[in-house]
2 protein chains.
Amino acid sequence: MTEKDDFHLQDFLPYLLNQASEESSLTFQQVYKNRYGMLRTEWRVLFHLGMYQPITASDIVIRAKIHKTKISRAVQKLVDRRFVRRERRPDDRRQELLSLTPAGETAYRDLREVARQYDAQLMAKFTTGEGALLRMMLRRLAGFEES
Amino acid sequence: MTEKDDFHLQDFLPYLLNQASEESSLTFQQVYKNRYGMLRTEWRVLFHLGMYQPITASDIVIRAKIHKTKISRAVQKLVDRRFVRRERRPDDRRQELLSLTPAGETAYRDLREVARQYDAQLMAKFTTGEGALLRMMLRRLAGFEES
DNA sequence: TGGTAATGGTTGATTTTGTAACTAACAACC
DNA sequence: GGTTGTTAGTTACAAAATCAACCATTACCA
């Protein structure tokens, strides 16, 4: 007979991570969606620019591990909405440097503040030590650090 | 002046969770995709049936927090491929009870074993105590437990 | 009983994503 | 200089997700 197995879907790490990820992004999603009409990829591009500008689309592809077509379309939309400015490099005319417009800067600062507060709210579920450990473990799972 | 801020995207919990989630689901995805041509929602439905059958589509909606149209289409595909059987309830003819066919059972057991091994492989990155704590924290973030 | 609301599930239209093929610019090598 | 190969980014088409409207059935209730 096939013994009743001790597997539990809710403990399967990829499933659990996905559920936690979805659940914990809901509140933030409401904000960037309602306030700026952005999609997930778009706020990410915005944030990457806010943190590292000026950078190219390829840089974002590498850092965020998002497919280049998604980035391409997100950048296009952000440019259309005057959040982002693109500028072709003179020395290598294939690449274009992306940077935030003043409106983009404003949106970024606003959302960054929301993110910071929301993160604090989520982390309040844990002790400081637990939270630090959680981030460390997630970084390792995400491949952000080798070890 | 606007002080250079201490915000780091890579530490923002929803972002970090999403990256960890995506990264850690890649390997398993290859298996259910290549071996059974399934999509994410489909293996999840399969697993829910494997664990809790017989249940209705609505039950899965509630448990897995997946939209009902996604479930509806996933179930349809699984039925088409003879992994799942549907049976209208006599007492409430709106509902239909879903259960696995023998082929579905086989696929489920196979994938469950893959999942178990893969989970162990992921958890090997941590000590036993860390792993247990991680799961507990993720469960809390996912809303699997109230507290 | 009859009318209205709620539930389980499906379908169609639109939006978003994924995959591959493509253009343009540069690099490397002969 | 002229192939050949790479890289940056876009576009076209197919696959999938989202959203709203939709049946069919059951529940509620005057």
Side-chain angles (χ1 to χ4, degrees), chain A residues 18-19 21-22 25-26 29-30 32-34 36-46 48-49 52-81 84-99, chain B residues 18-19 21-22 25-26 29-30 32-34 36-46 48-49 52-81 84-99:
Chain A
N18 184 79
Q19 295 292 96
S21 172
E22 290 300 317
S25 67
L26 283 180
Q29 183 177 27
Q30 296 300 346
Y32 64 72
K33 191 177 163 192
N34 295 337
Y36 298 100
M38 287 185 190
L39 264 31
R40 189 183 294 187
T41 307
E42 289 155 27
W43 81 258
R44 289 198 184 179
V45 168
L46 188 84
H48 277 273
L49 290 179
Y52 309 116
Q53 69 176 325
I55 54 177
T56 70
S58 299
D59 293 334
I60 304 181
V61 166
I62 294 167
R63 278 186 190 277
K65 287 186 193 149
I66 299 175
H67 197 271
K68 61 181 183 172
T69 62
K70 265 169 102 173
I71 298 291
S72 175
R73 292 192 253 245
V75 168
Q76 186 58 53
K77 209 152 144 197
L78 289 170
V79 168
D80 291 347
R81 297 188 181 169
V84 169
R85 181 173 40 222
R86 53 196 348 164
E87 192 182 351
R88 212 160 265 288
R89 276 187 115 125
D91 52 315
D92 184 343
R93 296 175 26 71
R94 284 171 304 183
Q95 300 181 47
E96 44 194 20
L97 282 177
L98 305 173
S99 50
Chain B
N18 184 80
Q19 295 291 98
S21 172
E22 291 299 319
S25 68
L26 284 181
Q29 183 177 25
Q30 296 300 347
Y32 63 72
K33 191 176 164 192
N34 295 337
Y36 297 101
M38 288 186 190
L39 298 174
R40 189 183 294 189
T41 308
E42 288 156 27
W43 80 258
R44 289 199 184 178
V45 168
L46 189 84
H48 276 275
L49 289 179
Y52 309 116
Q53 69 176 326
I55 54 177
T56 70
S58 298
D59 293 334
I60 304 181
V61 166
I62 294 168
R63 278 186 190 277
K65 286 187 194 148
I66 300 175
H67 196 271
K68 62 180 183 173
T69 63
K70 266 168 100 173
I71 298 291
S72 174
R73 283 167 172 136
V75 167
Q76 185 58 52
K77 209 153 145 196
L78 290 171
V79 169
D80 291 347
R81 297 187 182 169
V84 169
R85 181 174 38 223
R86 53 195 350 163
E87 192 182 349
R88 211 161 267 288
R89 277 186 114 125
D91 51 315
D92 183 342
R93 298 176 25 72
R94 285 171 303 183
Q95 300 180 46
E96 45 192 20
L97 282 177
L98 305 173
S99 49

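Here is how names work: the chains are called A, B, and so on, in the same order as the sequence lines, proteins then strands, and each is numbered from 1. For the numbers below, each heavy atom of this structure counts, side chains included, while hydrogens, waters and symmetry mates do not.
Rounded to an integer number of Å, the gap from B:Gln76 CD to D:dA16 P is 15 Å. Taking atom CD of residue B:Glu96 and atom C1' of nucleotide D:dT26, one finds them 16 Å apart after rounding to whole Å. Rounded to an integer number of Å, the gap from B:Gln30 CD to C:dG18 C1' is 14 Å.
Here the side chains of A:Gln76 and A:Arg86 are in contact, with some heavy-atom distance below 4.5 Å.
Note on B:Thr56: every side-chain N or O is 4.0 Å or more away from OP1 and OP2 of C:dG8. An OP1 or OP2 oxygen of C:dT10 is reached within less than 4.0 angstrom by a side-chain nitrogen or oxygen of B:Ser72.
For A:Arg73 against C:dG18, a side-chain N or O and a base N or O form a donor-acceptor pair under 3.5 Å.
Residues meeting the salt bridge (Lys or Arg N to Asp or Glu O under 4.0 Å) test with A:Arg89, sequence neighbours left out: A:Asp91.
Taking both residues in full, the closest heavy atoms of B:Leu78 and B:Glu42 are given as CD1-O, 3.7 Å, listed atom of the first, atom of the second, then distance. The heavy-atom pair separating A:Arg81 from A:Gly37 by the smallest distance is NH1-O, 2.8 Å.
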Please tabulate, for side-chain N and O atoms in residues 62-69 of chain B, each donor-acceptor pair with protein atoms closer than 3.5 Å (sequence neighbours left out).
from, atom 1, to, atom 2, distance (Å)
B:Lys65, NZ, B:Ala142, O, 3.2
B:His67, ND1, B:Thr69, N, 3.2
B:His67, ND1, B:Thr69, OG1, 3.2

Could you write out each protein N or O paired with an N or O of nucleotides 23-25 of chain D at a distance under 3.5 Å?
from, atom 1, to, atom 2, distance (Å)
D:dT25, OP1, B:Arg93, NH2, 3.3
D:dT25, O2, B:Arg94, NH1, 3.4

